[in-house]
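The structure appears below as structure tokens.
Both counts, for ligands and for their atoms, begin at 1 and track the order of listing.
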Amino acid sequence: MLSYRHGFHAGNHADVLKHLTLCLLLRHLSAKDKPYCVIDTHAGAGTYDLSDRFASVNREFAGGVAEILADPGLKAAVPEYFDLLKKLNPQASELSADTLRYYPGSPCIEAALTRECDRLTLLELHHHEFQNLLVNMGRDRRITIRNEDAFKLLPALLPPPIRRGLIFIDPSYEMAGDYFAVVKAIKVALTRFNTCQIALWYPVLSAWQDDSRRLVQEIRRLGVPLLQAELNVRQKDETPGMSGSGMLLLNYPYKLDEELETVMGGLYARLAAPHNGSARLKVLVEHP
Ligand code: SAM
């Protein structure tokens, strides 16, 4: 049974990294005059109220999105993200940790940055999150929402009717088998829909819990063009929990590495502990 609720973590450093990256990926896909599809395998609730009983427990957004709201470099690099925050929070004349109330999850970002001709499929296994997702995103006719196990359903969705697109994989890694399941899902996706872009999020955990190095190596071995962007807000040590996270971007668009350079620099400066955190942006497999 799933107990993870993304509301506890909405807007934290990991969300900021994954959502800025998602904005850039969607910008690239929208630049061509052809429709595309997005399959968001672990959609969550769609949007989050930062004043609710989940987000207010640890106020993780205070060390994430709230820290970058005034960063001119990040605003210039990914204006889509900041515009969406403004649009979702019309009550605030200026956004800050105290005035920011609504935070966009990946489905909300996808709905905002795709076009009329594009199509979205959102999968969410947790029944309550699925209900929230329906309420938050269900009115958009471009979107199909399913209460299913993504790892079981994904093969049946591929190849999609629109043969251009992004598979966004953002598991909670709550189940022991999730690390194995993401690799298997990516292999299937590349077999059935080899031109797809894939964005995989992964956590960097304390030294004894961490499985990220093995995961990165397994994905690298697939031999598909691969870009890694990892932000560690503190050094990995024995303290339990997440010290950072990363994105693995398969079949990444040309120039994304250059665009992410500004983003990673800004995130490192704003979110990592001085002399303790680290940022890594690396092409692990070059484009042919
Ligand atoms: N992608 C969302 C965002 O950026 O706003 C956050 C997603 S959260 C990290 C992971 C979600 O995956 C949770 O809501 C969880 O209930 C859901 N989940 C866990 N295992 C799943 C599975 N096998 N299939 C589909 N959803 C799953």
Assess the side chains of His9 and Asn58: does a donor N or O sit below 3.5 Å from an acceptor N or O? no

Co-membership, hydrophobic cluster, residues Leu281 and Val224, 4.5 Å side-chain: yes

Side chain to side chain donor-acceptor pair (under 3.5 Å) filter on Thr121, not counting sequence neighbours, yields none

Say whether Ser278 and Tyr268, considering side chains only, have a donor N or O and an acceptor N or O under 3.5 Å apart. no

Looking only at side-chain N and O atoms, does Glu218 offer a donor or acceptor that is under 3.5 Å from a partner on Tyr179? no

Could you go through ligand 1 and note, for every N or O atom, any protein N or O atom closer than 3.5 angstrom, writing the atom names and distance to 0.1 Å, or 'none'?
from: ligand 1; atom 1: 1 (N); to: His42; atom 2: O; distance (Å): 2.8
from: ligand 1; atom 1: 1 (N); to: Ser106; atom 2: OG; distance (Å): 2.9
from: ligand 1; atom 1: 1 (N); to: Asp170; atom 2: OD2; distance (Å): 2.7
from: ligand 1; atom 1: 4 (O); to: His19; atom 2: NE2; distance (Å): 2.8
from: ligand 1; atom 1: 4 (O); to: Ser106; atom 2: N; distance (Å): 3.4
from: ligand 1; atom 1: 4 (O); to: Ser106; atom 2: OG; distance (Å): 3.2
from: ligand 1; atom 1: 4 (O); to: Asp170; atom 2: OD2; distance (Å): 3.2
from: ligand 1; atom 1: 5 (O); to: Ser106; atom 2: N; distance (Å): 2.9
from: ligand 1; atom 1: 14 (O); to: Glu124; atom 2: OE1; distance (Å): 2.8
from: ligand 1; atom 1: 14 (O); to: Glu124; atom 2: OE2; distance (Å): 3.3
from: ligand 1; atom 1: 16 (O); to: Glu124; atom 2: OE2; distance (Å): 2.6
from: ligand 1; atom 1: 23 (N); to: Asp149; atom 2: OD1; distance (Å): 2.9
from: ligand 1; atom 1: 24 (N); to: Ala150; atom 2: N; distance (Å): 2.8
from: ligand 1; atom 1: 26 (N); to: Leu125; atom 2: N; distance (Å): 3.2

Indicate whether any N or O donor in one side chain lies under 3.5 Å from an N or O acceptor in the other, for Ser3 and Glu174. yes

